[in-house]
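This one's a predicted model, so the numbers in the text were calculated from it and none came from an experiment. Excluded from the calculations below are hydrogen atoms, water molecules and symmetry mates; all remaining heavy atoms, backbone and side chain alike, are included.
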Amino acid sequence: DNERRLRLDSGRARFRVAHGDPRAFLVEADSTEVIAHGTVFDVDVAGSGVAVSLLEGSVEVRPQAAAVASRPSASTILKPGQQLVVAQDHVPQPLKAEEPRWTSGMLSFEDTELGTVVASANRYSEVKILLADPAIGRLRFSGTFDPREPDAFAQSLASLFHLRLDRDADGMIHLQ
């Protein structure tokens with residue numbers, strides 16, 4: 001009666017919370033809670049931790065009650081245009097211009113390590129792109145692509161970075 005609560009175990013979601021509902025809107029992700037009243041925000045559960053990106057309104061990001069004893073920290077209030085990666089910094093950072101675009105079906109990156117880009121692309125496809133060498137993952141990438149087309153994306157990466165593209169017996173794409 002007094003709250004709306006959901007849990008995001010993995011992936012990424014955008015929430016549009018209407019103004020005027022007296023019940024709190026809570027999103028649980030990992031050991032983090034996001035509390036919103038009339039706002040638009042994204043929650044992303046990934047290997048780097050929980051990322052909360054605020055587009056409109058205001059949200060509070062705090063440890064879940066069960067996690068407070070093991071990881072005490074104060075709540076953080078985000079302002080529009082800020083992002084908080086809970087596992088990394090506990091300090092809001094400016095939201096990158098490309099961050100809110102993911103709902104269009106395209107992924108955009110600006111001067112981002114290729115390992116991060118490929119990990120994001122792999123979340124959207126059963127055919128995975130694998131980097132044969134950690135040094136390839138440190139290459140910098142800027143661009144926009146459709147993650148539902150891993151073959152085309154891998155071909156582009158191979159051409160752009162002068163890499164060899166191979167497929168294994170399971171159909172996975174290897175860049176080396």
- request: Would you check if the side chain of R4 reaches a backbone N or O of R23 as a donor-acceptor pair within less than 3.5 Å?
  value: yes

query: When you look at L165 and I173, which way does the side chain to side chain contact (heavy atoms under 4.5 Å, CB included) test go after all the steps?
result: CA-CA 7 Å; L165 186 148; I173 302 167; 3.8 Å; yes

How long is the gap from [atom1] on [X] to [atom2] on [Y], to the nearest 0.5 Å?
X    : Y    : atom1 : atom2 : result
D42  : L55  : CG    : CG    : 5.0 Å
L54  : I77  : CG    : CD1   : 10.5 Å
L107 : R123 : CG    : CZ    : 9.0 Å
S156 : L163 : OG    : CG    : 12.0 Å
R138 : L131 : CZ    : CG    : 11.0 Å

Give me the atom names and distance for the closest heavy-atom approach of [X] to [Y].
X    : Y    : answer
A29  : V43  : CB-CG1, 3.9 Å
S53  : Q83  : OG-NE2, 2.9 Å
M106 : P147 : CA-CD, 4.4 Å
L8   : V45  : O-CG2, 3.6 Å
S125 : P150 : OG-CG, 3.3 Å

Listed by chain and number, what are the side chain to side chain donor-acceptor pair (under 3.5 Å) partners of [X], not counting sequence neighbours?
X    : answer
E3   : R5
D146 : R148
D133 : none
R140 : D111

- prompt: Taking the side chain as C-beta and beyond, is there a heavy-atom pair between V52 and V59 under 4.5 Å?
  reply: yes

query: Are the side chains of F109 and S120 in touch, meaning some heavy atoms are under 4.5 Å apart?
result: yes

Indicate if [X] and [Y] have the same hydrophobic cluster label, given that clusters are the connected sets of ILVMFWY residues with side-chain heavy-atom separations under 4.5 angstrom.
X    : Y    : value
L130 : L160 : no
V127 : F145 : yes
M172 : I129 : no

message: Go through it in stages, so that I can follow the logic: the residues are T39 and E56, the test is side chain to side chain donor-acceptor pair (under 3.5 Å), and I'd like the CA-CA distance, side-chain angles, deciding distance and then a yes or no.
response: CA-CA 5 Å; T39 186; E56 297 175 14; over 6 Å; no

message: Does R7 form a salt bridge (charged side-chain N to carboxylate O under 4.0 Å, His left out) with D30? I'd like the steps, not just the answer.
response: CA-CA 9 Å; R7 174 151 190 83; D30 195 21; 5.4 Å; no

field: K128 with D168: basic N within carboxylate O range, under 4.0 Å
entry: no

task: Report the residue from E33, E60, R62 that forms a side-chain hydrogen bond (donor to acceptor under 3.5 Å, both in side chains) with S75.
output: E60

message: Taking side chain to side chain contact (heavy atoms under 4.5 Å, CB included) as the definition, give me every residue that meets it alongside T116, ordered by chain and number, with sequence neighbours left out.
response: T112, E113

- prompt: Which word best sums up how the rings of F25 and F41 line up, parallel for under 30°, tilted for 30 to 60°, or perpendicular for over 60°?
  reply: perpendicular

message: Which Ile, Leu, Val, Met, Phe, Trp or Tyr residues join L26 in one cluster when any pair of side-chain heavy atoms under 4.5 Å counts as a link?
response: I35

- prompt: Please walk me through it: do L157 and L175 pass side chain to side chain contact (heavy atoms under 4.5 Å, CB included)?
  reply: CA-CA 8 Å; L157 292 177; L175 292 174; 4.0 Å; yes

- prompt: Run the side chain to side chain contact (heavy atoms under 4.5 Å, CB included) check on V50 and V85 step by step: do they pass?
  reply: CA-CA 6 Å; V50 175; V85 180; over 6 Å; no

message: As a quick check of understanding, evaluate side chain to side chain contact (heavy atoms under 4.5 Å, CB included) for F15 and V34, giving each step before the final call.
response: CA-CA 11 Å; F15 301 94; V34 181; over 6 Å; no

